[in-house]
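Contents: one structure, followed by commentary.
Scope of the values below: all heavy atoms of this structure, side chains included, with no hydrogens, waters or symmetry mates. Lettering of chains follows the sequences in order, A, B, ..., and the numbering in each one begins at 1.
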There are 2 protein chains.
Amino acid sequence: MARPLSFERDHVVEAATRTFLRHGLHATSAEDLCQATGLGRSSLYNSFGSKDALFAECLGAYLTRTRERGEAILGDTARPVRDRIATLLRLIASEEAERVSAGEPRGCLAVNTVAELADDAEHVESMRRVDEDTAARLHLLADVLRVGQAAGEITDQVSAEGLAAFVNASIAGLRITSQGGTASDRLEDIVATTLRALDP
Amino acid sequence: MARPLSFERDHVVEAATRTFLRHGLHATSAEDLCQATGLGRSSLYNSFGSKDALFAECLGAYLTRTRERGEAILGDTARPVRDRIATLLRLIASEEAERVSAGEPRGCLAVNTVAELADDAEHVESMRRVDEDTAARLHLLADVLRVGQAAGEITDQVSAEGLAAFVNASIAGLRITSQGGTASDRLEDIVATTLRALDP
DNA sequence: ATCATTATGGAATGTTCATTACAAAATTTT
DNA sequence: AAAATTTTGTAATGAACATTCCATAATGAT
């Protein structure tokens, strides 16, 4: 009944996400987004409403994608808990390494959003989403780690919640370290050392 | 021979640093800096040249202060290496906890600068300073950890350089986690777990 | 007390930015 | 092929921003 869009929304969100990851929300202009997505200003505003709304959509998609990936790995009850955590961390390290060769920006949109928007009164909603996502991630991690503790695969010197916070912080540290330009071998060292902390 | 400044440069840098830590470089306006420091626009530009120059000075002062504090703790050769690392991590965790009660912003200017400026062509110089600082920090950590390995206090399953990268990443993770609003008990869990990774 | 020098307050400037308005173009349905 | 509807390109708008200007005020040296 009318003219269709000349682009696929997902692809636009993906391109915008890369731009936001590279430059952050504040340093990304509407012009930058047009450049990155190939859309004109009108199309962009027509389809997404505002820069902030597009950012919110990118963040939402990123969080969902990342959460689902994590759940798939951590929820694989057939495998030992330690292996699941190891797989998750190694996946992140190798993903960061691939970003380098692909010329894509390194780092994590959730981590960068905390760094950029934690105290930004105008973007409370985005931070709330990150907080919710973090809470869910911590919950899942703690559940899995608790199973590992019961099986004797994981130390019980620290509570499952404490270990979950540690793993979560390690991931953030890994991503920031990668964004700072650290070589992939070193990222693997970090992963290996992180795993040592969980040993009984 | 002329009218003196009505403020102390260090205090202004300190106030500006808090503002930059809270909002980042891009989201901090000249007006925000005037508000935070109590200076007028003219005084600010007269004394610091530009917003970017003031940021560079804040970053430099922050890096120096942080590095010196780390060196004092890590360089205390009278103490076991493990204790020195523990002291450093606990100091960071408690500093973050104090920030909450003091109403000051949490997080780390160096970490946030990596997140915000890693791919910013206009601020290569600031990133270079952070990179240099990180390299020096890693070097010191590796030296200290190597001593700990030789003394049997620290695992030698991972190279001293790898362990240094791990400790550095842990600190970044700790600071981002704190900035995300994590309670101080959990920060202590993270520290305790991080230390476990270094045990032989 | 006066001069030389510098700081300061407030207005002004030019730019960048997010967003909107409008007219033209495109596409599906009839 | 024409009508209805929506996209899209271009130009416009108004606000925010970094920075500068200028007149005035303050201070130390003489």
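- Per the geometry, CZ belonging to Phe48(A) stands 11 Å off P belonging to dT8(D), to the nearest Å.
- As judged by a 4.0 angstrom heavy-atom cut-off over every strand, Ser47(A) is placed among residues making no nucleic acid contact.
- dC17(D) atom P lies 18 Å from atom CD of Glu122(B), rounded to whole Å.
- Considering every non-hydrogen atom in both Val144(A) and Leu74(A), the closest pair reads CG2-O, 3.7 Å.
- Across all strands shown, Phe7(B) has heavy atoms under 4.0 Å from sugar-phosphate atoms exclusively, and none from any base.
- A donor-acceptor pair shorter than 3.5 Å cannot be found between the side chains of Thr28(A) and Arg22(A).
- In this entry the distance linking CG of Leu54(B) with C1' of dA18(D) reads 13 Å, nearest Å.
- Of all the residues in residues 9-45 of chain B, Gly40(B), Ser42(B), Ser43(B) reach under 4.0 Å from DNA chain C with at least one non-hydrogen atom.
- A salt bridge does not link Glu14(B) to Arg65(B): none of the charged nitrogens lies less than 4.0 Å from a carboxylate oxygen.
- In this model, a donor atom of one side chain and an acceptor atom of the other lie less than 3.5 Å apart for Asp32(B) and Ser29(B).
- Looking only at atom types and distance, the side chain of Asp119(A) has no donor-acceptor partner in the side chain of His23(B) under 3.5 Å away.
- Atom-to-atom, CG of Asp52(A) to P of dT19(C) comes out at 6 Å; the value is rounded to the nearest Å.
- The CG-P distance, from Asn46(B) to dT5(C), rounds to 16 Å in whole Å.
- Ile154(A) has its side chain out of reach of Pro200(A): every pair of non-hydrogen atoms, C-beta onward, lies at least 4.5 Å apart.
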